[in-house]
Amino acid sequence: MSARNLILGDAQADRVVPPSGFTAQLTLFVAGAMAFLTVFALALSVASGRLADRWADELAGAATLRINAPADQRQAQTDAALTILRQTPGVADVRVITSEEQAAMLSPWFGADLPIDSLPVPQLVEILAGNPAYDATGLRLRLQAEVPGAVLDDHTRWREPLVDAARALRRLAVVSILLIGGATAAMITLAANAALAANSQVIEVLRLVGALDTYIAHAFIRRFTLRALLGAAVGVICGMLGVFFLPAASEEGGFLTGLGFSGLSWLLPLAIPPLGALVAFFATTRAAKKRLGALT
C-alpha cells in the first residue's frame, strides 16, 4: 500500500469501514492515551540519562579529604595535607571548607545554632581533579604515611550506586515505552477485528461483485492508521503540555524536579505519532489478512 493511497484513500472503499462508532472511538482513545503515556516515559528516560551523566561528571571530578585529628594537631595536619595535595599531579585545586560552611551542611539535622567549634568535627578539604586526574590509590597511601588523621573519599561508593540507579530508571522507561507500543498494537488489533466482524456481510457482498481482499483490507488499514495518527498527535500535544508545566530543575527540589525535556530533546515526542501510525498499520494489516482469510 503506497503512501499516496494511504493519505488520499478511496471514497468507495472507505464506506466499508464505518466512520464512527465504538471502533473509531476505541482507536482514537487508545492511540491518544498511549501516546500521552509514552511522552512521560520518554521524558523520564531522557531526564534519567541526563541525571546519570551529571552525577557521574560531578562526583568523578570532586573528592573530599577528611582530617580526623585532635584540636591541637588539626591545623598542622591540614597544612601538611594541603602541601601534599598541591604537589600531586592531577589535582587541579584544593579548598579548605570553613567552619561556617560545615555548620550550614549540618544545620538541616542539628539546627542553625549548632556550636560546631565545640564539637569534634573533622576538618574537610575539597579536592577538584584535573585532566588527567590524580592517582587516588597513590595519594591515599602517601596521606596515610604523612598525615595520620587524613582520610581520602573520592566518592566512588556514592557515585556508582547513584549512577546505576539512574541508568536502571532509564532502562525501565525504555521497557515501558516498548510495553506501551505492544499494548497499542493489541488494542488496535482488537478494534480492527471488531470492525471486520461487524462488516462481514458487506465484505461478502463486495466479494460477490468482484472486489479483491487487498482492496477491502486497504480500506480498513487506511482508516485505522489515520485514526491512530490523529489520536497519537492529540495525545502527544497533551503530554508535551503536561511535561512543559512540570517544575523546573532546582537545587531545593533535587531529583524530583527537572524531569522534562531540554534543548533538542523536545523534538523526540514528535516521532511518536508516526510510530503510532506505523504500529497501527502493521497491526491492522495482520488483523485484516487473518480475518479475511477466515471469512473465505
Side-chain angles (χ1 to χ4, degrees), residues 46-171 248-259 262-263:
V46 171
S48 299
R50 185 169 63 244
L51 188 65
D53 295 339
R54 190 184 73 193
W55 281 347
D57 293 340
E58 289 180 355
L59 294 177
T64 302
L65 183 65
R66 186 173 69 252
I67 300 176
N68 301 305
D72 57 340
Q73 300 179 19
R74 189 175 302 161
Q75 187 59 49
Q77 291 200 24
T78 301
D79 293 338
L82 291 175
T83 300
I84 294 173
L85 291 172
R86 287 167 180 151
Q87 294 174 350
T88 302
V91 175
D93 190 23
V94 294
R95 186 179 69 87
V96 177
I97 298 178
T98 64
S99 300
E100 291 76 13
E101 290 176 305
Q102 291 184 253
M105 288 188 288
L106 296 173
S107 61
W109 290 272
F110 299 102
D113 299 327
L114 178 68
I116 194 168
D117 293 333
S118 61
L119 297 176
V121 178
Q123 178 62 61
L124 300 179
V125 178
E126 182 183 20
I127 304 171
L128 296 179
N131 189 15
Y134 58 88
D135 179 10
T137 303
L139 178 59
R140 187 175 285 109
L141 292 174
R142 184 178 177 187
L143 287 169
Q144 289 177 355
E146 301 185 29
V147 187
V151 178
L152 178 64
D153 182 5
D154 60 0
H155 301 164
T156 300
R157 61 172 180 165
W158 303 104
R159 181 175 68 250
E160 292 179 353
L162 287 173
V163 173
D164 290 344
R167 288 175 178 167
L169 194 60
R170 185 178 189 177
R171 290 192 294 269
S250 65
E251 293 294 333
E252 294 79 8
F255 174 73
L256 296 178
T257 58
L259 292 180
S262 65

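Given the structure is predicted, the values throughout are model-derived calculations rather than measurements.
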Heavy-atom closest pair, residues [X] and [Y]:
| X | Y | result |
| --- | --- | --- |
| Gly149 | Gln77 | N-OE1, 3.0 Å |
| Ala81 | Val147 | N-CG2, 3.9 Å |
| Arg50 | Ser262 | NH1-OG, 3.3 Å |

Pairs touching residues 78-96 that satisfy side-chain hydrogen bond (donor to acceptor under 3.5 Å, both in side chains), sequence neighbours left out: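 Qualifying pairs: Gln75-Asp79, Gln87-Arg142, Arg95-Glu101, Arg95-Glu126.
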Under a 3.5 Å distance rule, please check whether Gln123 uses its side chain to pair with a backbone N or O of Ile97 as donor and acceptor. yes
Run the side-chain contact (heavy atoms from CB on, under 4.5 Å) test against Arg66 and tell me which residues pass, sequence neighbours left out. Asn68, Pro122, Leu124, Val151
Test of understanding: with side-chain contact (heavy atoms from CB on, under 4.5 Å), list the residues that count as partners of Pro132, not counting sequence neighbours.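 For Pro132 there are no side-chain contact (heavy atoms from CB on, under 4.5 Å) partners, ignoring immediate neighbours.
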Does the side chain of Ile127 reach to within under 4.5 Å of the side chain of Leu152, using non-hydrogen atoms? yes
